[in-house]
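Worksheet for the structure shown next.
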Amino acid sequence: TTTAMLLRVAASRLASAAAAPAVRSVATPVLLGLRNQSTAALGEFAPDGPFETRLFINNEFVNASNGGTFPTVNPATEEVIADVQAADSADVDLAVAAARDAFDNGEWSSMDASGRRNLLLKLVDLVDQNAEYLTMLESLDNGKNGANPGAYGAAVDVFLVKECLSYYAGWADKCQGKTIPVNGGNLCYTRHEPVGVCAQIIPWNFPLLMLAWKLGPALATGCTTVVKTSEKTPLSALAFAKLIKEAGFPPGVVNILSGYGPDAGEPLALHDDVDKVAFTGSTAVGHKILRMSADSNMKKVTLELGGKSPLLVFPDADIDEAVAVADLGLFMNMGQACCASSRLFVHEDVYDEFVEKAAAKAAARTVADPHSPDCVQGPQVDQLQFDKIMGYINSGKDEGARLVTGGERVGDKGYFVAPTVFADVEDDMTIAREEIFGPVSSILKFSSTEEAIRRANDTVYGLAAGVVSRDVGTILSVANKLRAGTVWVNCWNALDTAAPFGGFKQSGLGRELGEYALENYTQVKTVVIPVDR
C-alpha cells in the first residue's frame with residue numbers, strides 16, 4: 001500500500017538513526033527510528049507543555065492586540081491543551097505590514113536565489129532535528145497516530161514536510177524566464193518574479209504538511225507570507241515558527257497567525273496589501289475567498305478544496321488489492337482527507353465479495369488513543385466534526401443505505417468514530433453527494449463501464465478518482481474520461497512532491513506541488529530592448 005511504501009522510504013532514509021526499543025509504553029514516542037533529539041531547538045516533548053501559543057509576527061512572538069484567546073482541545077481526551085492567542089484584523093494589519101516591508105525593503109528582497117535555497121535547506125535540517133517534538137505535538141493537537149510505526153500517522157507527515165521543503169529548496173535558483181525571438185531586431189526576454197505578499201490559509205487535517213505545501217514554493221520564489229492556521233490545530237505551526245527564526249529567515253518573511261476565520265482569515269483575504277491568497281479547505285469557503293478577492297484588490301487566488309472522489313472497481317480486479325486500495329483511500333487520517341475515496345463504484349459481478357471483504361477490513365482497524373502503540377485510527381479532530389459525521393451516518397440509515405459495519409461511537413471519551421461501511425448506496429443519497437470528511441465508506445453497484453464513468457462524474461467535485469483493473473485498455477480509457485485532477489490506478493494517495501495536485505470543477509483552482517506550484521507564486525514580466533540603440 002501507499003502507506004507501507006512511505007514507511008519503507010522513511011525508514012530507509014533514517015537508517016543511520018538509532019533503532020527504536022523493542023518494548024514501549026503508551027507514553028513513549030515511537031517514531032520510525034528517529035534519532036534522540038533532546039538537545040534540539042524545541043527541546044523534549046512533554047504532553048503537558050508548555051507550548052508556544054503566541055502569534056509570530058516579524059520574527060517575534062507576541063500576544064494578540066485585543067488580548068483574546070481560544071482553547072485548543074486534545075481530541076482523544078476532550079481536554080483543553082492550551083489557550084492560544086486569537087488574532088484579529090489589527091494583528092492581520094501588523095503581519096501584512098511586516099511581510100510587505102520584508103518584500104519591498106528588507107534583506108529578503110535583495111537576497112540571491114542561492115541564499116533562499118540555503119535557508120530552506122537549513123530549515124529542513126531543523127525539522128529533522130526536531131522531528132520527534134513536531135510529531136508528538138501534531139498527534140496531541142490533531143489526533144493522528146503518534147506511536148504506531150506500522151501505520152500512517154504524524155511521523156509520516158513530518159517526513160513529508162522535509163521532502164517538500166527539500167524539493168522546493170532545489171527550485172529556488174532555477175526559476176527562470178526565456179529569451180524570445182521577436183521581430184524588429186529587438187532583444188526580448190521574460191523574468192519570473194515573485195508575486196509579493198501572500199496570504200496562506202491552511203486547514204486542520206494536515207497542519208504541518210499543508211504549511212510546507214504552502215511555504216515551500218512561496219519562499220523558493222522569493223515571496224513573503226502571512227499564514228493563518230486553523231483554530232482547531234494551531235500548535236504545530238507555532239512550534240515550526242521557532243525553526244523559521246532559528247534557520248535565519250529575515251524578519252517579516254514568514255508570519256503565522258492563529259485565530260478564527262471571520263476574525264483573522266477574512267481580514268487577510270480582503271487586505272489590499274496582500275497580492276495573493278492560497279486557501280485549502282471547504283468549497284463553501286473557497287467561494288467566499290473568490291468573492292473577497294473581487295471585492296478588494298483582485299488578488300491572485302489558488303484554491304485546494306473539497307472532494308467526493310470515486311473509485312471504480314472492475315470485474316477483472318484483484319479483489320483483495322481493490323479492498324486494500326479502498327480502505328487506504330477512505331480511512332487514512334480518520335477519513336479526514338479532501339481526496340478520500342468516499343464513493344466506491346463496484347461492478348455487480350464482484351459486488352458481494354467486495355462488500356464482505358471491505359467491511360471485514362474496516363472492522364479490523366484498531367481505533368485507539370493516538371499515543372497507543374497499536375493505534376491505527378485516532379479520533380476525529382473535534383466535537384463539531386464528530387457531530388457532523390454522526391449526522392451523516394444517521395442520514396445514511398434513514399435514507400435506506402445498508403449499514404454493514406460501524407456506525408457508532410467508540411468509547412465514551414474522545415471523538416472516536418468506528419470505521420463505517422454502507423452498502424447498497426444510491427446516487428441521490430446524502431452520503432453519496434456530500435463530503436463527509438470522516439471514516440464513512442459508501443459502496444455503490446454498477447453494471448457497465450459507461451454507466452460507472454457517467455455516475456462517477458456526476459458531482460460538483462473533481463479532486464481525485466481511481467481505477468482498479470488489470471486491463472490496460474480499461475485503465476487508459478476510464479482514466480482519460482474521469483473528470484478529476486488526479487487519477488490513481490490500482491493505488492490511492494500516491495502523492496509525491498514532484499507531482500502536481502489539484503482539482504477540476506469546484507474542487508479548486510491552480511495546482512499544489514511540483515513545478516506547477518511555482519506558477520502560483522510568480523508573475524511574468526516581459527522586457528524588450530532595441531539592440532541597435
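All values derive from a computational prediction rather than experimental measurement.
Judged as a side chain to side chain contact (heavy atoms under 4.5 Å, CB included), and not counting sequence neighbours, the contacts of Val73 are Val80, Tyr415. Partners of Lys505 according to the salt bridge (Lys or Arg N to Asp or Glu O under 4.0 Å) rule, which considers only residues two or more places apart in sequence or in another chain, do not exist here. Scanning for salt bridge (Lys or Arg N to Asp or Glu O under 4.0 Å) contacts around Glu60 gives Lys245, with sequence neighbours left out. In terms of the side chain to side chain contact (heavy atoms under 4.5 Å, CB included) criterion, residue partners of Ala498 (sequence neighbours excluded) are, by chain and number, Tyr167, Asp496. Residues passing the ring pair (Phe, Tyr, Trp, His ring centres under 6.0 Å) test with Tyr260 are Phe70, sequence neighbours excluded. Every residue was checked against the salt bridge (Lys or Arg N to Asp or Glu O under 4.0 Å) condition with Glu107, not counting sequence neighbours, and none meets it. Listed by chain and number, the residues in a side chain to side chain contact (heavy atoms under 4.5 Å, CB included) with Ala102 are Thr224, Val253 (sequence neighbours excluded). Applying the salt bridge (Lys or Arg N to Asp or Glu O under 4.0 Å) test to Glu512 and every residue at least two apart in sequence or in another chain returns Lys214. For Ser469, the side chain to side chain contact (heavy atoms under 4.5 Å, CB included) criterion is met by Phe314, Asp316, Val467, Asp471, Thr474, Ile475, not counting sequence neighbours.
When only modelled atom types and interatomic distance are considered, His192 and Gln523 share no side-chain donor-acceptor pair under 3.5 Å. No side-chain donor from either of Lys276 and Asn520 sits under 3.5 Å from a side-chain acceptor of the other. At a cut-off of 3.5 Å, with distance as the only test, a side-chain donor of Gln336 or Gln380 sits close to an acceptor on the other residue. Looking only at atom types and distance, the side chain of Asn148 has no donor-acceptor partner in the side chain of Ser372 under 3.5 Å away. Side-chain atoms of Tyr392 and Glu434 include a donor-acceptor pair closer than 3.5 Å. Donor-acceptor pairing under 3.5 Å is recorded for the side chains of Ser236 and Glu138. Side-chain contact check for Tyr152 and Asp157: at least one donor-acceptor pair (N or O, by modelled atom type) lies under 3.5 Å.
The shortest distance between side-chain heavy atoms of Pro500 and Leu513 does not fall below 4.5 Å. Side-chain contact between Ile244 and Leu123 is present, with at least one heavy-atom pair separated by less than 4.5 Å. Proximity of Arg116 to Trp108: side-chain heavy atoms (C-beta onward) are separated by under 4.5 Å at one or more points. Between Gln377 and Pro419, the closest side-chain pair of non-hydrogen atoms falls below 4.5 Å. The side-chain heavy atoms of Leu215 and Val227, taken from C-beta on, include a pair separated by under 4.5 Å. Looking only at side-chain heavy atoms (C-beta outward), Thr135 and Lys144 stay at 4.5 Å or farther from each other. Using a 4.5 Å heavy-atom threshold, the side chains of Leu243 and Leu134 count as touching. In this structure the side chain of Asn142 reaches within 4.5 angstrom of the side chain of Pro207, judged on heavy atoms.
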Sequence neighbours excluded and cut-off under 3.5 Å, please list the side-chain donor-acceptor pairs for residues 322-331, or say none.
unit_1	atom_1	unit_2	atom_2	d
Asp327	OD2	Arg365	NH1	3.0

Would Thr302 and Phe279 count as a side chain to side chain contact (heavy atoms under 4.5 Å, CB included) here? Give the steps. CA-CA 6 Å; Thr302 52; Phe279 170 77; over 6 Å; no
Please determine whether side chain to side chain contact (heavy atoms under 4.5 Å, CB included) holds for the pair Asn205 and Val381, giving the CA-CA distance in whole Å, both sets of side-chain angles, and the decisive distance to 0.1 Å. CA-CA 8 Å; Asn205 55 338; Val381 73; over 6 Å; no
Evaluate the criterion ring pair (Phe, Tyr, Trp, His ring centres under 6.0 Å) for residue pair Tyr521 and Trp171; output intermediate values, then yes/no. CA-CA 13 Å; Tyr521 295 95; Trp171 272 110; over 10 Å; no
Applying side chain to side chain contact (heavy atoms under 4.5 Å, CB included) to Ser342 and Phe437, what does each step give before you reach the verdict? CA-CA 9 Å; Ser342 52; Phe437 229 64; over 6 Å; no
Given side chain to side chain contact (heavy atoms under 4.5 Å, CB included), test Ile202 with Thr280 step by step and report yes or no. CA-CA 5 Å; Ile202 62 174; Thr280 297; 5.8 Å; no
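Legend: salt bridge (Lys or Arg N to Asp or Glu O under 4.0 Å) pairs involving residues 370-382, not counting sequence neighbours, sorted by first then second residue: Lys232-Asp382. Residue pairs satisfying the ring-ring contact (aromatic ring centres under 6.0 Å, His included) criterion with at least one member in residues 213-246, sequence neighbours excluded, are listed as follows: Trp213-Phe501.
A salt bridge is defined here as a Lys NZ or Arg NE, NH1 or NH2 lying under 4.0 Å from an Asp or Glu carboxylate O, and Asp275 with Lys300 fails to meet this definition.
Using the six-membered ring where Trp is involved, Phe45 and Tyr133 have ring planes that are perpendicular, over 60° apart on the 30 and 60° scheme.
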